[in-house]
Amino acid sequence: MSSAPPRPDLPTNLDAGFFARDVVDVARELLGATLLVDGIGGVIVETEAYDQHDPASHSFSGPTRRNGAMFGPPGRAYVYRSYGIHWCLNFVCGEAGHGSAVLVRALEPTTGIGTMVARRKLSDPKALCAGPGRLAQALGITIDHDGRSLAAPPFQLLPRTGPAAAIIAGPRIGISKAVDHPWRFGVAGSRFLSRPFPKA
DNA sequence: GGTATGATTGACT
DNA sequence: GTCAATCATACCA
């Protein structure tokens, strides 16, 4: 299914140690990192944090068949089907068994754009990866990726190289509980966000 | 066994 | 702005 080779020329993956920390910190620090799946992807510009004590989190009621990966070791993917139609990609964080994860909501496409356009059947780069379902479709994410290590193929997760961009925070999107937690994070001013952030 | 509900998107009025 | 698509999971009987 992949159309581009991996990129061994690029720097080291973020490893499990990066994710074995507070999920909110990880969500913020993931901004600017580069996510590639089979060599296709871009720079993370929007994330959301979820943890087990959070009523909006899938892990709130404990482990189930669907969210099992969330309770596994950090540094792995948690993939679930949303609204019966879309796949959404998360990175498991914190200590193993604690059920916290970062939802990756938007990327700035940089690598393999042609493949993403083909998968998404549309050419506007602003809409290629602006939203968790769109991002998963563009990167070819499916349940097959659930529980897979982010430090091994097909994933490549590369640390931010340049200076940290300004970060904006706001309420998470699409949830009905704990809406007051400002655990959605984005690169301020990015044109590739899934939605604008409410004005501070 | 049945039924309600989404961490969404795209099409349409 | 509204709303249908579409299905695995969760929850109840």
Side-chain angles (χ1 to χ4, degrees), chain A residues 19 22-31 33 35 37 42 44-72 74 76-94 98-109 116-148 150 167-187 190-198:
Chain A
F19 295 98
D22 183 86
V23 64
V24 172
D25 291 340
V26 176
R28 294 176 61 95
E29 294 175 30
L30 275 172
L31 299 176
L35 169 65
V37 180
I44 296 173
V45 297
E46 185 181 338
T47 59
E48 285 179 0
Y50 291 86
D51 77 48
Q52 187 174 6
H53 305 292
D54 168 9
S57 173
H58 290 171
S59 60
F60 181 65
S61 299
T64 65
R65 185 185 194 86
R66 171 171 70 159
N67 67 18
M70 264 187 106
F71 290 89
R76 300 200 180 196
Y78 163 47
V79 179
Y80 67 91
R81 177 90 83 171
S82 177
Y83 290 89
I85 302 172
H86 309 288
W87 297 109
C88 294
L89 174 65
N90 300 252
F91 299 157
V92 179
C93 293
H98 280 208
S100 62
V102 172
L103 171 68
V104 185
R105 288 193 55 89
L107 298 183
E108 175 177 346
M116 291 191 269
V117 166
R119 288 171 174 164
R120 295 271 300 120
K121 298 179 170 48
L122 104 209
S123 58
D124 179 1
K126 275 172 35 176
L128 271 184
C129 298
R134 293 164 165 175
L135 181 157
Q137 184 182 18
L139 269 56
I141 296 291
T142 72
I143 194 63
D144 289 340
H145 299 277
D146 189 47
R148 300 275 292 266
L150 299 169
I167 293 175
I168 188 168
R172 292 170 293 179
I173 293 180
I175 58 172
S176 56
K177 299 169 182 174
V179 294
D180 52 316
H181 291 66
W183 285 352
R184 176 184 178 224
F185 303 104
V187 174
S190 171
R191 302 182 304 277
F192 299 94
L193 299 174
S194 64
R195 295 192 44 183
F197 279 74

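A, B, ... follow the sequence lines: proteins, then strands. Residue 1 opens every chain. Computed from a prediction, not measured in an experiment: that's the story for all the values here.
Qualifying side chain to side chain donor-acceptor pair (under 3.5 Å) partners for A/Arg172, counting only residues two or more places apart in sequence or in other chains: A/Asp54. Taking the side chain to side chain donor-acceptor pair (under 3.5 Å) definition, one finds that A/Arg120 meets it with A/Gln137, sequence neighbours left out. A/Arg184 meets the salt bridge (Lys or Arg N to Asp or Glu O under 4.0 Å) test with A/Glu46; sequence neighbours excluded. With sequence neighbours excluded, the residues satisfying side chain to side chain contact (heavy atoms under 4.5 Å, CB included) with A/Arg81 are A/Trp87. Checked against side chain to side chain contact (heavy atoms under 4.5 Å, CB included), A/Pro171 has the following partners two or more places apart in sequence or in another chain: A/Pro198. The side chain to side chain donor-acceptor pair (under 3.5 Å) test applied to A/Glu29 returns A/Arg21, not counting sequence neighbours. A/Pro109 meets the side chain to side chain contact (heavy atoms under 4.5 Å, CB included) test with A/Ile113, A/Met116, A/Leu128, A/Cys129, A/Phe192; sequence neighbours excluded. Judged as a side chain to side chain donor-acceptor pair (under 3.5 Å), and not counting sequence neighbours, A/Asp146 has no contacts.
Each of A/Ala101 and A/Ala127 was matched to the nucleotide of DNA chain B holding its nearest heavy atom; the match closer to the 5' end belongs to A/Ala101.
Looking at residues 170-183 of chain A, you'll see A/Ile173, A/Gly174, A/Ile175 sit with a heavy atom under 4.0 Å from some atom of DNA chain B.
Of the P atoms belonging to B/dA4 and C/dA4, the separation is 16 Å, rounded to the nearest Å.
Counting non-hydrogen atoms under 4.0 angstrom, A/Arg184 reaches nothing in the nucleic acid. Across all strands, A/Asn90 comes closer than 4.0 Å to base atoms (heavy-atom distances).
With a heavy-atom cut-off of 4.0 Å to chain A, the contacted part of DNA chain B has its first and last nucleotide at B/dG6 to B/dG10. Nucleotides of DNA chain C with any atom under 4.0 Å from a heavy atom of chain A span, from 5' to 3', C/dA5 to C/dA10.
Under the 4.5 Å side-chain criterion, counting only non-hydrogen atoms from C-beta, A/Val23 is not in contact with A/Tyr50. With contacts defined as side-chain heavy-atom distances shorter than 4.5 Å, the pair A/Val26/A/Phe91 does not qualify. Between A/Pro132 and A/Glu48, the closest side-chain pair of non-hydrogen atoms is not below 4.5 Å.
Scanning both residues, A/Val92 and A/Phe19, for their nearest heavy atoms gives O-CB, 3.5 Å.
Test A/Met70, A/Arg148, A/His145 against A/Tyr78 for side-chain contact (heavy atoms from CB on, under 4.5 Å) and you get one pass: A/Met70.
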Item to check | Bracket notation of DNA chain B in which parentheses pair within the strand, [ ] cross earlier pairs, and | pairs with another strand (Watson-Crick or G-U, under 3.5 Å) | outcome: ||||||.|||||.

